[in-house]
Amino acid sequence: MIFSEVLNDYMQMLGISSTMLSERSEISTSSISRYRAGEREPAYDSKYLDQLIDSIYEISLEKNIKIDKEDMSKKMRTSLSSYLGISYDQYLANLSSIMKTFDIKVNSVAKFLSYDPSHISKILSGQRRPGNVSAFTNDISEYLTSRLASSKDYEKLGNLLGNESVQKMDDTEMQEYITYWIKNYTPTHFDSEANTNDATSFLKNLDSFNLEEYIRAIHFNDIKVPTLPLQIPQTKSYYGVEQFKEAEINFFKITALSKARGPITMYSDMPMVEMSKDKTFIKKWMFGIAAILRKGLTLNVVHKVDRPWEEMMLGLEAWIPIYMTGQIKPYYMDQYPTTVFNQLLNVSDACALQGEAVIGHHEEGKYYLTSKKQEVEYFRARSNHMLESCKPLMDIYNSKRAKEFHDTVKKLTGISGNDYKIVSSSLPLYTLSDELLDKVLTRTYADDNITKKKLKDYFKKRKKFYESIIKENKVYEEVPIISKEEFENHPMNLPFYSAFLSETIQYTYEEYLEHLRLTREFKHENLTTKETTNAPFRNIQILILSGKYVIVSKNTSPAIHFVIYHPRLVNAIENMTIPIND
C-alpha cells in the first residue's frame, strides 16, 4: 500500500476528518488533504511524520481503539514513495530476481499496468529510477499476484521469499508481502523468517573444510568393520527421540556389517535442531556414515528443503564432509506429500528404517527397523519411486567426474544475454598474462615440463571460456584486495579451480600485485569489476547465473565443484554476495 492509502485507512478506522487530525498534529489541513490525495508525502525522517503517528496513536487511545504504534509507524514509513530499506542496487537485484523466477515479460507487465514498456526496461536496467518507488513496486506486486495460478507457483514464490506461509495469504496480504520483500530484503535487514536465508555459514564451512584433516581427525583410514555378529533382531520397533537415535545407528551398523554393495537412499524431514545438540549422537552418526562410505557405497540423499531455513542449512552443513567424498547424490522434491506427519525412510540392500511422527510431536514418533528380505525389497521399491519424483538439489563433481563437469558448465553457460556474478577468493583467470603464468609455473614446477604444459593448455582453454562469457553476457566480478600481512597469513592461490589439482599453486605477493595490476587494466563494456578488502572466502569461487543456478568451486583438499539448482538456495547465495560492496 502507498502512503495515502495507509493514512486514509487509519483515519477511517478512527472516524476522524482532515480538520480533526490537523488540529491534533498541528499540520495544516491543506497538507493533510494533499497527503490523503497522494499529491504529497512527509519525508521519512521528518517531524511531520512523527507528529502524524503520535496524533493518530493518541486519538486511538482516547477512542479505545487498539492500534499498535510500532506497527503503524512501520507501515507508514515503509509505504513512503522514497522508502527503501536496502540499497537501490539491491532493490533492482530483488526486482530482477522475482521477475526472472516467474519469467515476467516487460511487455506483459507494461500492458497490465498501462506503463510504457521502455520505461520499465530502463528501470530494470538501472538507467532510470521510478518517481514513486513504492507505487511502482506495488504495481509489480499486483501484477505478480494476479499471475499466480497453481500450487507450484505458490511454492516457487514461497521458496524465493523464504516464507512457506505465502500459500495461506489472501491476495491483499500477498501483494503487500511481495512489495515489502522487494523493497527490504537483504540478509542483514529483512525482519521476518527470510532474515535467516543467508548461505554464509554453509559457504564458509565449505571454504574452510579440509577433507584430509577430517579423515585424519576421525581416523577414517583406520576404520575397521567389526566381524562379530550384531545382537539386533530382524525386526524391531523404536519409540521416541532417544530410541530413534538408537535406530539410526543400528541402521548404519547393519549396513556396514553386511555384504551389501548397492546404493543407500536416505530421506528425513524429522526436526534436526534439538538432535544436533546431542554431540555424542552426532559423533556416532558421522562415524556410521564414514563406515558405509569406507565400504565404497554411494548415498542418494533426499533433502527436505521446504523446512525452516535454519533446519535446511543445518542439514546441508552436516553433509559437507560427506559431499566432499564424491559419493553423494543430493536430491529434493518439488512437492511433499503431507503436512501432518514427519517421515523418515532409510534403505540399503541389508535393511530399512521407516519412521513417522505427527508434526510437533517428534518425541512420540515410532520407527521400524527391518532386515527381512521381503520387507527390505518393499522399502527399496518405495525409495526408488520417491527418487523418481525428485530433482537434483545439486550435482557434485570430483576429479573422477572432471569431463562431466566441464561438459555441464559448457552447457549451462552456452546461452548468451545473461547476467553473471563472480565472487572469488583469487583474482580473475582471464586477466592473467602468459608471461606471469610462465613465471609462477617455472618457480613452482622448475623442470617439470609435462606439468607446466598441461597447466598452460588448461589456462588457454579456461581463459577462452571466460572471454566468451564476457563477450556475450553482463559479468560482475568481485576482486579481493589484501595487504602483505594478510597475504603472509593466508597466501592466495592461482585461480585454477576447475583443473582438479591435487595441490594448489600459490602466488608470491609480488606476483599477486602484478596480477592485480593486470586485472585493473583489463576493460570490457560487459564487465563490471569491484574491489573489496573484505574477501569472505579463501578457497572457493562462486559463479552465479542470476536466478538460475550457482557453481561453487573449491580448489583445496579436495578440488570439487557444486552445481546448485534449487531456487531457494540459489536466491540466498545470490542475495548474500550481490550487489558487490565497495
Side-chain angles (χ1 to χ4, degrees), residues 218 226 230-258 260 263-293 297 299-322 328 330-333 336-372 375-376 378-380 382-383 386-387 390:
I218 68 170
L230 284 174
Q231 300 301 313
I232 300 175
Q234 267 196 309
T235 63
K236 184 176 179 180
S237 294
Y238 301 79
Y239 300 89
V241 176
E242 293 306 314
Q243 287 191 17
F244 163 57
K245 296 175 186 177
E246 179 187 350
E248 282 257 275
I249 301 307
N250 285 343
F251 171 82
F252 292 134
K253 286 180 179 178
I254 294 173
T255 301
L257 285 167
S258 72
I264 298 167
T265 299
M266 299 179 66
Y267 166 79
S268 175
D269 59 13
M270 296 293 176
M272 297 180 61
V273 174
E274 288 302 317
M275 292 176 62
S276 69
K277 296 175 183 178
D278 185 342
K279 302 304 180 186
T280 300
F281 167 71
I282 294 300
K283 185 176 181 180
K284 290 180 179 179
W285 188 90
M286 291 301 295
F287 187 87
I289 290 286
I292 59 179
L293 292 176
L297 304 181
L299 275 72
N300 299 314
V301 182
V302 182
H303 291 283
K304 179 71 158 48
V305 293
D306 69 341
R307 62 173 73 205
W309 185 260
E310 180 188 10
E311 289 261 353
M312 173 181 162
M313 296 312 296
L314 187 65
L316 291 179
E317 288 172 39
W319 283 96
I320 285 177
I322 303 103
I328 307 296
Y331 297 89
Y332 74 96
M333 284 186 271
Y336 293 86
T338 178
T339 57
V340 178
F341 297 99
N342 289 128
Q343 302 281 343
L344 175 140
L345 181 61
N346 293 348
V347 184
S348 70
D349 283 353
C351 62
L353 175 63
Q354 186 269 340
E356 66 177 19
V358 174
I359 291 175
H361 299 277
H362 187 205
E363 70 282 356
E364 296 173 357
K366 177 182 177 180
Y367 310 90
Y368 178 70
L369 179 65
T370 178
S371 57
K372 284 186 175 181
E375 291 186 329
V376 172
Y378 162 74
F379 285 115
R380 170 64 77 189
R382 285 188 66 182
S383 69
M386 176 177 65
L387 288 176
C390 292

May I ask you to decide if the ring planes of Trp285 and Phe252 are parallel, tilted or perpendicular, using 30° and 60° as cut-offs? perpendicular
First locate atom CZ of Arg380, then atom CD1 of Ile264, and finally report the distance between them rounded to the nearest 0.5 Å. 8.0 Å
What do the steps show when you test Ile289 against Met266 for side-chain contact (heavy atoms from CB on, under 4.5 Å), and what is the final call? CA-CA 11 Å; Ile289 290 286; Met266 299 179 66; 4.2 Å; yes
Contact check, side chains of Ser258 and Asp349, non-hydrogen atoms, under 4.5 Å: no
What heavy-atom pair brings Leu297 and Leu293 nearest, and what distance separates the two atoms? O-CD2, 3.7 Å
Where Val241 and Glu363 come nearest, the two heavy atoms and their spacing: CG2-CA, 3.6 Å
What are the two closest non-hydrogen atoms of Asn346 and Tyr267, and how far apart are they? OD1-N, 3.7 Å
When every non-hydrogen atom of Val376 is compared with those of Ala352, the smallest separation belongs to CG2-N, 4.1 Å
Pairwise salt bridge (Lys or Arg N to Asp or Glu O under 4.0 Å) hits with a residue in residues 234-243, at least two apart: Lys236-Glu246, Glu242-Lys245
What are the two closest heavy atoms between Ala260 and Ala350, and how far apart are they? CB-N, 4.0 Å
In chain order, what residues pass the ring pair (Phe, Tyr, Trp, His ring centres under 6.0 Å) check against Phe251, with sequence neighbours excluded? none
With sequence neighbours excluded, residues passing side-chain hydrogen bond (donor to acceptor under 3.5 Å, both in side chains) with Thr255: Ser348
Correct closest heavy-atom pair for Met270 and Ala357 would be CE-N, 4.0 Å
When you compare the side chain of Val358 with that of Phe341, does any pair of heavy atoms fall below 4.5 Å? yes
Could you list the residues that satisfy side-chain contact (heavy atoms from CB on, under 4.5 Å) with Tyr378, not counting sequence neighbours? Arg382
Could you go step by step and tell me if His361 and Asn342 meet the side-chain contact (heavy atoms from CB on, under 4.5 Å) rule? CA-CA 9 Å; His361 299 277; Asn342 289 128; over 6 Å; no
Under the side-chain hydrogen bond (donor to acceptor under 3.5 Å, both in side chains) test, residues paired with Thr370 that sit two or more places apart: Glu375
Can you tell me how far apart OH (Tyr368) and CD (Gln354) are? Round to the nearest 0.5 Å. 9.5 Å
Residues in side-chain contact (heavy atoms from CB on, under 4.5 Å) with Asn300, at least two apart? Pro263, Thr265, Lys329, Tyr331, Leu387
Run the numbers on Phe281 and Ile249 for side-chain contact (heavy atoms from CB on, under 4.5 Å), then give the verdict. CA-CA 8 Å; Phe281 167 71; Ile249 301 307; 4.1 Å; yes
Value for CG (Leu353) from CG (Asn250), rounded to nearest 0.5 Å, stands at 9.0 Å
Report the C-alpha separation of Tyr367 and Gln243 in whole Å, then their side-chain angles, then the decisive distance to 0.1 Å, and conclude whether the side-chain contact (heavy atoms from CB on, under 4.5 Å) test is met. CA-CA 8 Å; Tyr367 310 90; Gln243 287 191 17; 6.0 Å; no
